[in-house]
Amino acid sequence: MTAKQYIKTGEGENYNYSQDHCFVKLSSRDTNGELCLIEDTLKPGFHLKRHHHKVMTEVFYMLEGQMELIFDDETIILKEGDTVTVPPNVWHEAICTAGGKMLTIFKNGQFDVFLEELSKMTDADFSNAELMKSVSNKFDIYEV
């Protein structure tokens, strides 16, 4: 990135999925894959399945509401203003029953590109378990 970027509220590339409405506030394309910042509006019933990353570090900062983060050795209830950093190779799962809002920083990951790729997929693609596993692994997301 050679120039400053200013992205206003409600702006940025956005992807509105069944459980989450994501706004890309900083693209990994602008940081040589080093950083990505996503503003997530978590819809009631949000559930991110248990997974880990081999390279990527994930930082969750809760803006509104609360979210349950489940690790192998503990469960944390992330409340407004709380931050949790999840390093590579740590299994985690997230549940936000009532909905909420958070910022997620991805270090050494291209989560924004993952969201873009998902947005181009069909219902048949989403039903194809092997394809979904391949796409997830391509972006350093490994499920059970």
field: Test item: E58 side-chain N/O and T104 main-chain N/O as donor-acceptor pair under 3.5 Å
entry: no
- request: State, with a plain yes or no, whether a side-chain heavy atom of N89 is found less than 4.5 Å away from one of K54.
  value: yes
- prompt: Nearest 0.5 Å, what's the CD-CG distance between E93 and L69?
  reply: 9.5 Å
task: Indicate, with yes or no, if I141 and F126 share a hydrophobic cluster defined by side-chain heavy-atom contacts under 4.5 Å among Ile, Leu, Val, Met, Phe, Trp and Tyr.
output: yes
query: G109 and C36: which non-hydrogen atoms are nearest, and at how many Å?
result: O-CB, 4.2 Å
query: Between the side chain of S127 and the main-chain N/O of D123, is any donor-acceptor distance below 3.5 Å?
result: yes
field: Atom of E11, atom of K25 and distance for their closest heavy-atom approach
entry: O-NZ, 2.8 Å
message: For the residue pair H21 / E39, report whether a side-chain donor-acceptor contact shorter than 3.5 Å exists.
response: no
- request: Step by step, work out the side chain to side chain contact (heavy atoms under 4.5 Å, CB included) result for L131 and M121.
  value: CA-CA 10 Å; L131 174 63; M121 297 175 78; 3.7 Å; yes
- prompt: Side chains of T57 and N108: closer than 4.5 Å at any heavy-atom pair?
  reply: no
field: Atom pair CD (Q5) and OG1 (T31), whose distance is rounded to the nearest 0.5 Å
entry: 9.0 Å
- prompt: F106 pairs by ring pair (Phe, Tyr, Trp, His ring centres under 6.0 Å) with which of F60, F111, F114?
  reply: F111
From M67 atom CE to D40 atom CG, the distance as rounded to the nearest 0.5 Å: 8.5 Å
message: In the structure I gave you, are the side-chain heavy atoms of E13 and L115 within less than 4.5 Å of one another anywhere?
response: no
- prompt: Considering all heavy atoms of both residues, which atom of Y142 and which atom of D140 are nearest to each other, and what is their separation?
  reply: CE1-OD1, 3.1 Å
query: If you round to the nearest 0.5 Å, how far is OG of S28 from CG of L37?
result: 11.5 Å
task: Flag the pair K133 / E143 as yes when at least one side-chain heavy-atom distance between them is below 4.5 Å, and no otherwise.
output: no
task: Please check if V86 and I76 belong to a single hydrophobic cluster, counting links between Ile, Leu, Val, Met, Phe, Trp and Tyr side chain heavy atoms closer than 4.5 Å.
output: yes
field: Non-hydrogen atoms of F23 and G10 that approach each other most closely
entry: CE2-O, 3.4 Å
Contact check, side chains of L118 and M132, non-hydrogen atoms, under 4.5 Å: yes
task: Check the side chains of T122 and D125 for a donor-acceptor pair under 3.5 angstrom, ignoring hydrogens and angles.
output: yes
Path from V90 to V84 over hydrophobic side-chain contacts below 4.5 Å: yes
message: With a 4.5 Å cut-off on side-chain heavy atoms, are I105 and Y61 touching?
response: no
Parallel, tilted or perpendicular, as decided by the 30° and 60° cut-offs, for the rings of H51 and H53: perpendicular
- request: May I ask you to test the E68-T75 pair for a side-chain heavy-atom distance under 4.5 Å?
  value: yes
- prompt: Are L63 and L26 in one and the same hydrophobic cluster, where Ile, Leu, Val, Met, Phe, Trp and Tyr link if side-chain heavy atoms are under 4.5 Å apart?
  reply: yes
- request: Compare every heavy atom of I7 with every heavy atom of G12, then report the nearest pair and how far apart it is.
  value: N-CG2, 3.8 Å
- request: Begin from the C-alpha positions of I38 and V24 and carry the test side chain to side chain contact (heavy atoms under 4.5 Å, CB included) through to its verdict.
  value: CA-CA 5 Å; I38 305 290; V24 177; 3.7 Å; yes
Heavy-atom check, side chain of V113 versus side chain of R29, under 4.5 Å: yes
Interatomic distance, F46 atom CZ to T41 atom OG1 [nearest 0.5 angstrom]: 11.0 Å
statement: d(M102 CE, M62 CE) to nearest 0.5 Å is 6.5 Å
